[in-house]
Number of protein chains: 2
Amino acid sequence: MSKEQPTPTLQDVATAAKVSTATVSRCLNFPDQVKEKTRTKVLKAIKMLSYSPNFGARAMASRRTETIGAIIPTMENAIFARGLQAFQDELHLHGFTMLVASTSYREDIEEEQIRALVGRGADALLLIGHARSPDIYRFLEAQAVPALVTWAFDTSLSRPSIGFDNQKAMCRMAKKVIDLGHRNLALVSAETILNDRAKARQLGIEDAMVAANFCAKTLHVVKTTYGIEEGATAFEQVMKAAPQTTAVFCGNDVLAVGALRRARELGFKVPQDVSIIGFDDIELAEIAYPALTTVHVPHREMGRRAAEALIKLLNKGTQIEAVELEASLVFRDTLAPARN
Amino acid sequence: MSKEQPTPTLQDVATAAKVSTATVSRCLNFPDQVKEKTRTKVLKAIKMLSYSPNFGARAMASRRTETIGAIIPTMENAIFARGLQAFQDELHLHGFTMLVASTSYREDIEEEQIRALVGRGADALLLIGHARSPDIYRFLEAQAVPALVTWAFDTSLSRPSIGFDNQKAMCRMAKKVIDLGHRNLALVSAETILNDRAKARQLGIEDAMVAANFCAKTLHVVKTTYGIEEGATAFEQVMKAAPQTTAVFCGNDVLAVGALRRARELGFKVPQDVSIIGFDDIELAEIAYPALTTVHVPHREMGRRAAEALIKLLNKGTQIEAVELEASLVFRDTLAPARN
DNA sequence: TAATAAAATGCAAGAGCTTACATTTCTATT
DNA sequence: AATAGAAATGTAAGCTCTTGCATTTTATTA
């Protein structure tokens, strides 16, 4: 049992170094405002005591935390990981810290996490997608915490976003698919109520169908939750309910990989019998066999730009300007002309 | 330009509800200590003002944050993600918040992140692996922040850990490989200096070799950094330098998937020409083609148990007891008897 | 109804830091 | 050597909460 020694404070350091707390504080925050000799003395005391500033106190006193919170639906898969890593790297470069929280795609948890992060003094927030209750936006406004939306791009909303147009991107992909002769289309999608990206992707397919004079209603949609196994099950449902389907879009690569697997297990040849199209272009897509045709999302770029914008806003007050990035189509091996 | 309205404080709520700050505070922290009627009043004021407690102030005053920090090498891949998600889920169940930071496998960044999290008032820390400078352990002790090590298990250290024995697990796998007639073994590994898991895995293979009366020095080791592409390159190096190799162990699945890909690209048949063995059993392993033979790590269980132990420690002072979990061998399609 | 105990609330002292302003110590100039 | 001005340091107020203790209100019992 170690005796409960209280953790050292600024005051302790000041005493040990025989200076005032102000000097120690400046030593930490504005090193060049204090004389070399004093600084050495103070630094030594800090090391000796293993002192580490109390963040809460600092935040309270300075009204600034240099912390940016990121709230993502899930950490389990790589969908958000890469963009987040880029975001974090950029923040780190500028002395900011990133705090991550995940919501499991649940709105109530998201709200909770937003509050937690704001309460923890996040200077700004990174959010995924636009869809959430107005209450939350109101709350953020009341707390004067700027929030930036990524993974989506929509100028019709007043909120700035840095991302790409999910609908447009998916529409382009769907057009290609239709060009390849596919007429019986299906979509395995996440629930679209609180997931505007999923909804936009569905709309994109429908746009392409309408443009090709199909009835958008013939798109066979199966909704499911997130996961490889879920994708597999959904694929099976699709083929059971609509056996004439020749192309199955998936709302993301994780679902697509599941679909792909189940297709194989059920004896479908991909892409000869059925084409499968993903979205995101995460590592899984390339590793999958056959390699997945998908829509490439510029995760890294997005993360980096988001960080930049937020830092500029925080440091110089520069308003965030919306940035639309381009998602590109990646044709690999799971898309082929429709069988006839 | 919205006029800079200061964010509301406890005091503001108290004023609005015509009670004292103490009552508001109790309303938030010990709701049943305040009369129903008062509580309603206060809650209304809170909602009206969009009040959210200032975490820093609370932490300072109560000397408790209900926050646990997790510091992992990388978020980019699924290796730590699943365990972390389980950790987070369990914490959430008990009202704790998890804060994640990543280090890119760099010791200096790890130290920085540990300090950041401790400074932010983390009540405890989750760390990966044992290997780090004694300074850091000293620092944590000075700050009285308990730290739990996972992804490793080693009773010879005084620090408690909840994880599995990397060396033993890899040794078992290596024995199987040797049993299949492989004599020319290679290992694609992460740098082992600051990565005790990587080192333990290497030692495991060597143990098995010694047990089979091979010279451990014949293990052809190529060190590389983390990533699929890196794994691919390393594999190529191995086969160039030691073409007689029939089995390539990889320090983790990510490297293995890269190796697997390059093997195919170079015209090696896997597993007929060369066997490839991974470690971790993340999703990628199953998706890879051929599906990867690997060592399954009980990520979820590990995360959950770690959370449990930490919560017990924090809530009831129960000392953490080390838990050794079992890693199991998963034989899929990349391992076959050695060609002769 | 008075007396007592229990419950609810209020008061005010911190918790560890930053920073405006005051004071002291240097440096450079004459 | 004296002195103005700059640089370094110190003083103390204030940031927002929690909580021990004091006080008031409510409930209970004789």
Side-chain angles (χ1 to χ4, degrees), chain A residues 4-43 45-46 49-67 115-116 118-121 123 142-144, chain B residues 4 6-42 45-46 49-67 115-116 118-121 123 142-144:
Chain A
E4 192 68 43
Q5 49 185 327
T7 70
T9 72
L10 231 219
Q11 181 59 247
D12 297 334
V13 175
T15 308
K18 300 201 211 327
V19 296
S20 73
T21 60
T23 301
V24 179
S25 172
R26 278 187 286 255
C27 221
L28 259 18
N29 299 302
F30 313 96
D32 39 53
Q33 271 181 32
V34 11
K35 207 162 46 170
E36 168 88 40
K37 220 169 93 187
T38 323
R39 207 186 324 148
T40 321
K41 212 166 51 174
V42 171
L43 258 22
I46 287 178
L49 297 169
S50 276
Y51 166 77
S52 171
N54 176 308
F55 172 82
R58 171 185 290 200
M60 208 160 68
S62 70
R63 331 197 92 282
R64 188 90 194 278
T65 65
E66 317 275 82
T67 296
R115 284 178 188 279
V118 168
R120 242 153 263 260
D123 290 334
Q143 303 284 327
Chain B
E4 193 66 42
T7 69
T9 72
L10 230 219
Q11 180 62 65
D12 298 333
V13 176
T15 308
K18 300 201 212 322
V19 297
S20 73
T21 60
T23 301
V24 179
S25 173
R26 278 187 284 255
C27 218
L28 259 18
N29 299 302
F30 314 95
D32 39 52
Q33 272 181 31
V34 10
K35 204 160 51 168
E36 168 88 40
K37 219 167 92 186
T38 323
R39 206 184 327 147
T40 321
K41 210 166 53 174
V42 171
I46 288 179
L49 297 169
S50 275
Y51 166 78
S52 170
N54 176 309
F55 173 81
R58 172 186 291 202
M60 204 160 69
S62 70
R63 331 197 92 293
R64 188 90 194 276
T65 65
E66 316 275 86
T67 296
R115 285 178 188 278
V118 168
R120 243 153 262 262
D123 290 334
Q143 302 285 326

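Naming: A, B, ... by sequence-line order, numbering from 1 per chain. All values below come from the heavy atoms of this structure, side chains included, with hydrogens, waters and symmetry mates left out.
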For C/dG16, does OP1 or OP2 lie under 4.0 Å from any side-chain N or O of B/Arg63?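 Yes, such a contact exists.
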So, OP1 or OP2 of C/dT18: does either fall under 4.0 Å of a side-chain N or O from A/Arg58?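 So the side-chain polar atoms of A/Arg58 do come within 4.0 Å of the phosphate oxygens OP1 or OP2 of C/dT18, strictly under.
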Could you tell me the separation between the [atom1] atom of [X] and the [atom2] atom of [N], rounded to a whole number of Å?
X: B/Lys18; N: C/dT9; atom1: NZ; atom2: P; result: 16 Å
X: A/Gln33; N: C/dT18; atom1: CD; atom2: P; result: 12 Å
X: A/Leu49; N: C/dG16; atom1: CG; atom2: P; result: 14 Å
X: B/Asn54; N: C/dC17; atom1: CG; atom2: P; result: 15 Å
X: B/Gln143; N: C/dG16; atom1: CD; atom2: P; result: 12 Å
X: A/Arg64; N: C/dC17; atom1: CZ; atom2: C1'; result: 16 Å
X: B/Glu36; N: C/dA7; atom1: CD; atom2: C1'; result: 15 Å
X: A/Glu66; N: C/dC17; atom1: CD; atom2: P; result: 17 Å

First and last nucleotide of DNA chain D in contact with chain B, 5' to 3', at under 4.0 Å to a heavy atom: what are they?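 The protein-touched segment is D/dT16 to D/dT26.
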Side-chain heavy-atom pair [X], [Y] within 4.5 angstrom cut-off:
X: B/Ser25; Y: B/Leu10; answer: yes
X: A/Thr40; Y: A/Leu43; answer: no
X: A/Val42; Y: A/Arg39; answer: no
X: B/Thr9; Y: B/Asn54; answer: no
X: B/Ile46; Y: B/Leu28; answer: yes

Taking the side chain of [X] as heavy atoms from C-beta outward, which of [options] is closest to it?
X: A/Asn29; options: C/dT18, C/dC17, C/dT9; result: C/dT18
X: B/Val34; options: C/dT9, C/dA12, C/dT18; result: C/dT9
X: B/Thr38; options: C/dG10, C/dC17, C/dA8; result: C/dA8

I'd like to know if the side chain of B/Gln143 reaches the main chain of A/Ser50, judged simply by a donor and an acceptor atom lying under 3.5 Å from each other, with no hydrogens or angles considered.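 Confirmed, B/Gln143 side chain pairs with A/Ser50 backbone.
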Hey, which sits more toward the 5' end of DNA chain C by its nearest nucleotide, A/Leu28 or B/Asp32?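 It is B/Asp32, whose closest nucleotide lies nearer the 5' terminus.
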Which residue, B/Ala57 or A/Ala61, contacts DNA chain C at a nucleotide closer to its 5' end, judged by nearest heavy atom?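 The answer here is B/Ala57.
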Base, sugar-phosphate alone, or nothing: which one does B/Thr23 contact when heavy atoms must sit under 4.0 Å apart?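 Counting heavy atoms under 4.0 Å across all strands, the contact made by B/Thr23 is with sugar-phosphate only.
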Considering every strand and a 4.0 Å limit on heavy-atom distances, what is the contact class for A/Ser25: base, sugar-phosphate, or nothing?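 If one applies the 4.0 Å heavy-atom cut-off, A/Ser25 turns out to touch a base.
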Which atom names give the shortest non-hydrogen contact between B/Glu66 and B/Asp123, and what distance separates them?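 Smallest heavy-atom distance, with atoms named: N-OD2, 2.6 Å.
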Shortest non-hydrogen separation from B/Leu49 to B/Pro8 and the atoms involved: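 Reported closest heavy-atom pair: O-CG, 3.3 Å.
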Is there a donor and acceptor pair, one atom on the side chain of B/Arg26 and one on the base of C/dG10, closer than 3.5 Å?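 In this structure, the two groups form a donor-acceptor pair.
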